[in-house]
Amino acid sequence: MKIKTAAFEISNSDVKKCPKERIPEYSFIGRSNVGKSSLINMLTSNRKLAKTSGTPGKTQLINHFKINDNWFLVDLPGYGYARVSKKVKRIFQSFIKNYFLQREQLICSFVLIDSRHEPQRIDIDFMQFLGENRIPFCIIFTKADKLSPTVLKRNIDTYKEKLLADSWEIFPNYFVTSATSKKGKDSVLEFIDKVNQNLKHD
Ligand code: GTP
Ligand code: MG
């Protein structure tokens, strides 16, 4: 799929104020600094669309971007960022959870995992929350450019083993990406395109 237009629509911290339009929506979630905003920019070939930063905690709101005038990509704040106060963290968490529980247009979410790290409890718990609430998601292993192919494969295998040992019967659909080399761009966009096409025929 070719992305012809990608335009910022609105930012807010309340799911009730998100766009009312009934078009398919795909969101990006994961720990702060995992590369959610960078991935959106990579997918849309627009380095300035979503704000990125080397310092965790850059994205603080629910940001809607309209793609090709007929679906949304949504950039979300990260979870697990230690340097914000407990109160701010609670507010973040409650509006993120409300977004997932209440956003009817949400078709699929991408849970981003830094491919360099061992499985982390906070990510496993978040996927558990999505599963329990029947919210469809895929996994995206980010920053693949930072690892050799061998280590990358080993880390993904470790992740699979961990999730399957935990409580998942199958490993979710997953992608491997790099915002710097553009690895995974076509696969993610093809997946979204396929889902969008299927929705049209429902
Ligand atoms: P928050 O908004 O704070 O939750 O972070 P985020 O998940 O949106 O991360 P962001 O896209 O802002 O990227 C965080 C840092 O990681 C930035 O310094 C990016 O340049 C870097 N980064 C993101 N993706 C990649 C990648 O695929 N490869 C490399 N090498 N660096 C990346
Ligand atoms: Mg961000």
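We count ligands from 1, going down the list as the structure has it; atoms in each ligand are counted the same way. Basis for what follows: all heavy atoms, side chains included, without hydrogens, waters or symmetry-related copies.
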Atoms of ligand 1 close to S53 [distance to a heavy atom under 4.0 angstrom, numbered from 1]: 12 (O), 13 (O), 14 (C), 15 (C), 17 (C), 18 (O)

Per-atom contacts of ligand 1 with G57, taking only distances under 4.0 Å to non-hydrogen atoms: 3 (O)

Sub-3.5 Å N/O-N/O distance, T177 and ligand 1: no

Whether V34 lies under 4.0 Å from ligand 1, heavy atom: yes

Minimum side-chain heavy-atom gap N155-S115 below 4.5 Å: no

Residue, atom name and distance, where the atom is the protein heavy atom closest to atom 4 (O) of ligand 1: K36 NZ, 2.8 Å

Protein heavy-atom partner closest to atom 9 (O) of ligand 1 - residue, atom, separation in Å: G35 N, 3.2 Å

Nearest atoms (heavy-atom pairs only) where L152 meets A144: CD2-CB, 4.0 Å

Ligand 1 atoms in contact with G78 (distance to a heavy atom under 4.0 Å): 4 (O)

Atom 18 (O) of ligand 1 [closest protein heavy-atom partner, distance rounded to 0.1 Å]: G54 CA, 3.3 Å

Metal proximity, T59 vs the Mg ion (ligand 2), N/O/S cut-off 2.8 Å: yes

Non-hydrogen side-chain atoms of I62 and C18 separated by less than 4.5 Å: yes

Flag, side chain of Q60 to backbone of K58, donor-acceptor distance under 3.5 Å: no

Ligand-side contact atoms (ligand 1) for residue partner P56, heavy atom cut-off under 4.0 Å: 3 (O)

Atoms of ligand 1 close to S178 [distance to a heavy atom under 4.0 angstrom, numbered from 1]: 27 (O)

Modelled atom types, side-chain donor and acceptor of S38 and K143, under 3.5 Å: no

Nearest protein heavy atom with distance in Å, relative to atom 5 (O) of ligand 1: N33 N, 2.9 Å

Short N or O distance, L76 and ligand 1, threshold 3.5 Å exclusive: no

N or O pair under 3.5 Å between T59 and ligand 1: yes

Side chains of D157 and R154 in contact at under 4.5 Å (non-hydrogen atoms): no

Atom indices of ligand 1 within 4.0 angstrom of S38 heavy atoms, with elements: 10 (P), 11 (O), 13 (O), 19 (C), 23 (C), 24 (N)

Proximity to ligand 1 by part of K146, non-hydrogen separation under 4.0 Å: side chain

Numbered atoms of ligand 1 (with element) below 4.0 Å of S37, judged on heavy atoms: 8 (O), 11 (O)

I67, D186, D193, V188 screened by side-chain contact (heavy atoms from CB on, under 4.5 Å) with M1, the one that passes: D193

P24 side chain near I192 side chain, heavy-atom distance below 4.5 Å: no

Centroid-centroid under 6.0 Å between Y174 and Y159 rings: no

Protein heavy atom at shortest distance from atom 27 (O) of ligand 1: A179 N, 2.7 Å

Any W71 side-chain heavy atom under 4.5 Å of I107 side chain: no

S32 near the Mg ion (ligand 2): N/O/S under 2.8 Å: no

Test applied, side-chain hydrogen bond (donor to acceptor under 3.5 Å, both in side chains); reference residue, S11; option that passes from D75, N63, T59: N63

Distance flag, aromatic centroids of F137 and F100, threshold under 6.0 Å: no

Closest to atom 22 (N) of ligand 1 among K182, K183, K143 (heavy-atom distance): K143

Contact partition for D145 relative to ligand 1, non-hydrogen atoms under 4.0 Å: side chain

F95 side chain reached by N12 side chain, heavy atoms, under 4.5 Å: no

